[in-house]
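In what follows, every chain begins at residue 1, and chains take the letters A, B, ... in the order their sequences are listed. Any value given below was found using the heavy atoms of this structure, including those in side chains, with hydrogens, waters and symmetry copies removed.
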Amino acid sequence: MVLELQEKLGEAIRALILKNYALDLPNVSLETPPDLRLGEVASPIAFELARRLRKAPKIIAQEIVTGLGAVEGFSGFEVAGAGYINARLDRLAAVCTTASEENAHLAAPGTEGHVLVEHTSINPNKAAHIGHLRNAILGDTFVRLLRATGFKVDVQNYIDNTGVQVADVVVGFLYLESKSVAEIRALAADCGERAEGTGSHTAGIDYYCWDLYARTSQWYEQGTVEEKEARKRLRYDTLHAIESGGNEIAKIADLISTAVLRRHLETMLRLGIEYDFLPRESEILHLKFWEAAREELERSGVLYEVTQGKNAGCWVMKRPGSEASAEETDDEAKVIVRSNGTVTYVGKDIAYHLWKFGLLGRDFGYRPFFRYADRECWVSTEHGEAAHPHFGGATAIYNVIDARQSDPQANVIQALRGMGHAAAADHYTHFSYEMVALTPRCAIELGYDVAPEDRTRPYIEVSGRKGFGVKADDLIDKLIAATRAEVDARRTGGIGENAEAERQKIAHQIAIGALRYFMLKYTRNSVIAFDFKDALSFEGETGPYLQYAVVRIRNIYRKGGTTPEAALAEFAKQAGQQVSESASQRSTAAARDGLSQYLSGEENEDIWALWLRAGRFSLVLEQSIAASEPAFLAKHAFQLAQEFNNFYHKHHILTEEDPQRKVFLLATAAVVLRELIKALSLLGIESPEAM
RNA sequence: GCGCCCGUAGCUCAGCUGGAUAGAGCGACUGACUACGAAUCAGUAGGUCGGGAGUUCGAAUCUCUCCGGGCGCACCA
């Protein structure tokens, strides 16, 4: 509602400026006044024009206000302050529009293309931790936002199943623990049996590997010089065996990484996060993606051989920004192919991204891997099934990868651009975010040894290699236990036969709501210093606060013996009468009667503010996507809930004596309920029936 | 050394393309449950927006510089 009106006003002002001053402004800046008493939309455009027109802002503003005349949806314009143009909405019309806008979404500008979002991408050699949760929740939420605006989105979770991290765990199993293949197989299989959430989440192979990985990493550092050398050799021999494939070591690695991957998918499913496709590095290697990419890289001159200097014998590419600055020497260039002929990570990534945009000329094989309630998640394979969905060939991609990887990401973009794929490079977004770290207090609480110099730091980086961090399932379990205790204390969900199941379900919904909101309330480039106190809080700006507002509204209708739908229908009937009356008696002061009176006056200002906030949804959604910032929507939902709670205390709906006003108040709550549920579902937060 | 990010109330963070008296939550203190359940609400205290300079009618927001903190800059993935 607000978005459409703003666009309309901007267009009207722009046309007027073109007509009056012969100036064509690309966009007219519009903002929200600090106080509702000043109006709902404001423009400081007169200040911008003052210089070019050599005229006082106030005079320009006055000329614009006079020239604007009537604009549909607005009740008037005025000049305020030193030259602001303040616009007042036609409140009754705005309320009627908002009430009837069941699914007011954006007219999706890019529905013709298809978007690919890559997120989660956890190395399959250990349990997921809180940093991975931030990644997955940000990515999943962004996917929901894109889909809500009409984009076709594929969700990919890239699996690096051939890297050193996997090799390290294999080394751990074989040489540190001397486990047989059968034993490893048994451990992996055990994990599958718990898949339905019946068993503990904390006894799986991912947890086992968490510790093993940390121990193996330590093992490499210990022993005599000769031992260290031997262990290092073991490590790289294992890695090479895994990369080549078709041998016993590679089979073991695949067994482990696949089992851990399943655990990750289960963990993420607890948060309502699903994937469409899991491209794996093993297939990128075996299907020779790199070889295909290399040809084009060489042909376009992006990749070239170095014959002298420290990179002699390597094939390299220029780093981003180097062409603008002074001559970059080959010593500073990015190595893509090592002197021993093997390709680096960035090289494989370039090939993979050519595939993402449909520019590689090769494809994966596909087979189903993980079953969701209503669809299948596919995985890459060398020889796949004949019938499979089509992935890749996207027109725009978003890579949810933490900020530490911005350099390698920039390299890939640089390569795409160098190969002449400008459109692809332009639609390649590194959706970066800062890490989740632990506060020193939290680390000590968890029993880790914290160095004295680290104790005074604001936060400490988590590390899988050191086994230092909070595991995702541990946090989720802790949250569920805390919400369950709260639910039991409040006797939520009744005392009937289904009480137990009901309470467990509600506790789960609240726990996930708390977690997702916690990860989404911070903007992307803010480091989250994790602390259980904050994460386990259910008061103030938290998921449960938002869910509680929803439950409160639902209770109003339950107690009142009606439904939100009925309230809105009743309201529409009244509003319809209002509109037709005022249309037929335009000259009379009909607006003083009926609904309009509930929208004016000091004591009703909060109600109008609530409707206005509810009507801002599409505007916020647009900003949220444009900035790739889910936090904007999270903040919007919180503010809506906060304003509702305020309204709830001030106006008691069910005891309202004026029947027409009661209908209006019920409709107000119904619109807030609709908007809250909508926003929460985009944040991946469920709206419980009771709390 | 080079690059990116951050520095706003005691703590954790918002602040949209520069705009009208700088906002939340937590914590502290005062109050409000026989009305739609208080996982709530109202109120009070608390800020030289890291320092300085510049651009501008106007700067938390843009530029430069300095200070402080974080993260990247491998023939590791």
Side-chain angles (χ1 to χ4, degrees), chain A residues 27 29-35 38 42 44 47-48 50-51 56-57 80-84 86 123 160 162-167 239 281 310-316 319-321 325 332 334-340 342 344-346 348-349 402-408 410 432 434-435 437 439 457-459 461 483 486-487 490 492 510 514 521-523 525-529 531 533-534 537-545 547-549 551-560 619-620 623 626-627 629 631-632 635 638-639 642 645-646 648-655 669 690-691:
Chain A
N27 54 352
S29 51
L30 292 169
E31 57 194 53
T32 308
D35 194 310
L38 295 168
F47 296 109
E48 292 171 35
R51 194 173 209 194
Y84 284 97
N86 288 341
N123 288 330
D160 185 357
T162 56
V164 276
Q165 332 79 19
V166 174
L239 175 61
E281 182 153 281
K310 78 173 174 102
N311 289 333
C314 296
W315 289 73
V316 304
R319 289 178 192 274
S325 65
E332 288 157 357
K334 174 72 198 168
V335 172
I336 303 298
V337 181
R338 303 182 187 102
S339 53
N340 67 5
T342 58
T344 61
Y345 176 77
V346 172
K348 284 180 274 193
D349 219 19
D402 78 77
R404 285 170 291 192
Q405 306 246 32
S406 61
D407 275 4
S432 83
E434 275 293 347
M435 61 183 171
T439 62
R457 295 174 50 167
Y459 47 79
E461 193 173 352
T483 50
E486 205 58 32
V487 163
R490 289 158 202 271
T492 303
I510 297 170
K521 71 194 251 191
Y522 300 94
T523 49
N525 49 14
S526 154
V527 176
I528 297 181
D531 199 313
K533 179 177 72 70
D534 298 329
S537 162
F538 307 135
E539 287 169 14
E541 195 190 343
T542 65
Y545 177 97
Q547 293 171 314
Y548 189 60
V551 169
R552 275 185 149 169
I553 300 174
R554 286 187 165 148
N555 283 344
I556 295 170
Y557 298 101
R558 219 188 321 268
K559 285 274 158 75
L619 183 69
V620 174
Q623 289 173 343
E629 193 59 273
F632 290 172
K635 295 277 175 197
F638 173 67
Q639 285 168 342
Q642 199 176 35
N645 277 329
N646 183 313
Y648 178 88
H649 276 265
K650 201 164 149 193
H651 310 277
H652 199 265
I653 300 175
L654 293 179
T655 56
M691 276 176 81

Given atom [atom1] of [X] and atom [atom2] of [N], what is their separation to the nearest angstrom?
X: Q623(A); N: rU17(B); atom1: CD; atom2: C1'; answer: 10 Å
X: D531(A); N: rC13(B); atom1: CG; atom2: C1'; answer: 15 Å
X: Q639(A); N: rG15(B); atom1: CD; atom2: P; answer: 11 Å
X: E434(A); N: rC5(B); atom1: CD; atom2: P; answer: 10 Å
X: R51(A); N: rG58(B); atom1: CZ; atom2: P; answer: 10 Å
X: I528(A); N: rG70(B); atom1: CD1; atom2: P; answer: 19 Å
X: Q547(A); N: rG37(B); atom1: CD; atom2: P; answer: 17 Å
X: D407(A); N: rG72(B); atom1: CG; atom2: P; answer: 10 Å

For A437(A) versus V527(A), what's the shortest heavy-atom pair and its separation?
CB-CG1, 4.4 Å
Which is true for [X] with a 4.0 Å heavy-atom rule: it touches a base, it touches only sugar-phosphate, or it touches nothing?
X: I510(A); value: base
X: Y522(A); value: sugar-phosphate
X: V487(A); value: base
X: A167(A); value: nothing
X: Y545(A); value: sugar-phosphate
X: P33(A); value: base
X: E461(A); value: sugar-phosphate
X: K650(A); value: nothing
X: Q165(A); value: sugar-phosphate
X: D402(A); value: nothing
X: R490(A); value: base
X: D349(A); value: nothing
X: A626(A); value: nothing
X: I336(A); value: nothing

I'd like to know if the side chain of S29(A) and the backbone of P44(A) have a donor-acceptor N/O pair within less than 3.5 Å.
no
Which whole number of Å gives the distance between the [atom1] atom of [N] and that of [M]?
N: rC4(B); M: rA42(B); atom1: P; result: 43 Å
N: rC26(B); M: rA22(B); atom1: P; result: 22 Å
N: rG52(B); M: rA14(B); atom1: C1'; result: 27 Å
N: rG3(B); M: rU56(B); atom1: C1'; result: 30 Å
N: rA45(B); M: rG50(B); atom1: C1'; result: 24 Å
N: rG46(B); M: rG23(B); atom1: P; result: 15 Å
N: rU17(B); M: rA9(B); atom1: C1'; result: 28 Å
N: rG47(B); M: rU21(B); atom1: C1'; result: 14 Å

In the structure shown, which nucleotide is the Watson-Crick or G-U wobble counterpart of [N], with both distances under 3.5 Å?
N: rA14(B); result: none
N: rA42(B); result: rU30(B)
N: rG54(B); result: rC62(B)
N: rG72(B); result: rC2(B)
N: rA9(B); result: none
N: rC49(B); result: none
N: rA35(B); result: none

Which of these nucleotides, [options], is closest to any side-chain atom of [X]?
X: P544(A); options: rC75(B), rC71(B), rA39(B); answer: rA39(B)
X: Y648(A); options: rA38(B), rC5(B), rA77(B); answer: rA38(B)
X: N86(A); options: rA20(B), rC71(B), rA38(B); answer: rA20(B)
X: V335(A); options: rC75(B), rG72(B), rA38(B); answer: rC75(B)

Supply the atom-to-atom distance [X] [atom1] to [Y] [atom2], rounded to the nearest 0.5 angstrom.
X: I528(A); Y: T523(A); atom1: CD1; atom2: OG1; answer: 9.0 Å
X: M691(A); Y: F538(A); atom1: CE; atom2: CZ; answer: 9.0 Å
X: R338(A); Y: N311(A); atom1: CZ; atom2: CG; answer: 12.5 Å
X: R319(A); Y: E332(A); atom1: CZ; atom2: CD; answer: 8.5 Å
X: E629(A); Y: Y522(A); atom1: CD; atom2: OH; answer: 13.5 Å
X: T439(A); Y: K533(A); atom1: OG1; atom2: NZ; answer: 9.5 Å

Does a nitrogen or oxygen in the side chain of Y345(A) sit under 4.0 Å from OP1 or OP2 of rA77(B)?
no
Less than 4.0 angstrom between a side-chain N/O of N646(A) and OP1 or OP2 of rA42(B), yes or no?
yes
If we only count heavy atoms from C-beta on, is the M435(A) to D402(A) side-chain gap below 4.5 Å?
no
State, yes or no, whether a side-chain contact exists between V166(A) and N123(A) at a heavy-atom distance under 4.5 Å.
no
Nucleotides 22-35 of chain B: protein proximity per nucleotide (B base, S sugar-phosphate only, - neither; heavy atom, under 4.0 Å)
--SSS--------B
Ignoring hydrogens and angles, are the base of rC13(B) and the side chain of S526(A) linked by a donor-acceptor pair under 3.5 Å?
no
Per the atom types in the model, does the base of rA39(B) pair as donor or acceptor with the side chain of N645(A) at under 3.5 Å?
no
Side chains of N555(A) and R552(A): do they bring a donor and an acceptor to under 3.5 Å?
no
Using heavy atoms to find the nearest nucleotide of RNA chain B for P408(A) and D35(A) separately, return the residue whose nucleotide is more 5′.
D35(A)
Which residue, N525(A) or G81(A), contacts RNA chain B at a nucleotide closer to its 5' end, judged by nearest heavy atom?
N525(A)
Using the side chain to side chain donor-acceptor pair (under 3.5 Å) rule, take N645(A) and Y548(A) through it: C-alpha gap first, then chi angles, then the decisive distance, then the call.
CA-CA 10 Å; N645(A) 277 329; Y548(A) 189 60; over 6 Å; no
